[in-house]
Amino acid sequence: MAKVDYKINSDRLILDLYDVINYIVKNKKQFSTRHFMDFMILNSLTLKTTGFCVDDICTECLFPNGFLKYEKLMKKSKGEIARYIYDNKEILYELYNNLYNILNELDIIDFPYYDAIRKYSQKDMEDIILSFYSQYPRYYNIIKKYFDEDRIGIDNEIYDDYLGYYTSSTSTKSGYIILKELELNSFLASVLAHELGHAIDRETFLFLQQKDLETIKDFLREVPSTCFETLFTNYLINQKIDTTGGLLIYNEKICNLDSSTRTLRTICSVPEFILKDGTILLKIDNNEKYVDVNELLAYNIASIISLYLNLLETKDRDDFLKRLNNLITGRKEYSLEQVINELGISIDDFVNLKYVKEDIKDKNMQLKKRFKYYS
């Protein structure tokens, strides 16, 4: 079983870390969780790749009481996200209740047939990804740079259930993608397409506009990456590169969406939130647990919006690119209602899943037909 094998350019990585340090020293200002975490992740990556890193004493000099400030701001920001959900819970509950009913009606199930996903050589996988992104000339050179400059690496100790992550900094104007050592197939290609979507976001939004957007407050931060991941999955299907694999990957995303929707639907149905350190107390069948809604909301909203963006792309690519760019570059100021309007649809159509439910249904039926599943 061939597995992915990328190695980061160590010399560039060390130089980038030095650039980040110099930037922090020269731009001492109000503490930013984004700058702190960008530095910490890059420093950890440099240690694992080269054996060199900035020690704890120097880190404390760069960010006095950094960890305490980070934890305090994270709790505060998570509380703001929870409050955002509470303030918008009527529209969100309607959305999640409709989606819950749609997915229940379709009998969405997980198909564990991953041996059916197409396998590649590393070069073939790269060629498919580059061919996909060549449809978007504005972003193509950004994507190609990550392959040409060895900005992709492997780390099997990635935290939680993540399969990959993207890290960068304002000073270097670029970043690195880290993947788990997975089998070379369409699933890994979709993970890489997602992380490359983060690169597009950072290099066309945060860096060029010099935005200092706190990650925790940016509830649309997963939209660009999830959008390109969804588009790539459809590319595998529509170009007949890996129709079965594309349908399986799409189905897994819908299963994940179903799971998060059930939790958020329950959260939005309660009359009042009980908060603890920025998490929401959730009671189900006499069981209690505190839920960190930050990641839950970010990925859930991104998945739903990406379904709409995908339909826009199939109808009019130029209009899609314009709306995606407006969405990316304006999101610090956008409310959820403004985001929906930017998609070119009404709030009623959005919460009723108009347009996208037929696409979900169609792909669900295609997959069941391929595996001869009959409920």
> With sequence neighbours left out, which residue pairs that include part of residues 226-245 fulfil the salt bridge (charged side-chain N to carboxylate O under 4.0 Å, His left out) condition?
Replying inline: E229-K253

> Is a side-chain donor-acceptor pair under 3.5 Å present for S303 with N256?
Replying inline: no

> ring pair (Phe, Tyr, Trp, His ring centres under 6.0 Å): which pairs involve residues 341-365, sequence neighbours left out?
Replying inline: Y308-F350

>> Is it the case that the side chain of N101 and the backbone of N97 share a donor-acceptor pair, with hydrogens and angles ignored and the cut-off at 3.5 Å?
In response: yes

>> Pairing donors with acceptors under 3.5 angstrom, does anything connect the side chains of T226 and S306?
In response: no

>> Please enumerate all residues that pass side chain to side chain contact (heavy atoms under 4.5 Å, CB included) together with N22, with sequence neighbours excluded.
In response: none

>> Heavy-atom count check: over 12 atoms from other residues, nucleotides or ligands less than 6.0 Å from D56 CG?
In response: no

>> By the salt bridge (charged side-chain N to carboxylate O under 4.0 Å, His left out) test, which pairs, at least two apart or in different chains, include something from residues 84-102?
In response: none

> How would you list, by chain and number, every residue that makes a salt bridge (Lys or Arg N to Asp or Glu O under 4.0 Å) with R323, sequence neighbours excluded?
Replying inline: D319

> Just by distance, with hydrogens left out, do N104 and R262 show a side-chain donor and acceptor under 3.5 Å apart?
Replying inline: yes

>> With no hydrogens and no angle check, just 3.5 Å: does a side-chain donor-acceptor pair link N234 and N310?
In response: yes

> Who passes side chain to side chain donor-acceptor pair (under 3.5 Å) against E252, sequence neighbours left out?
Replying inline: Y114

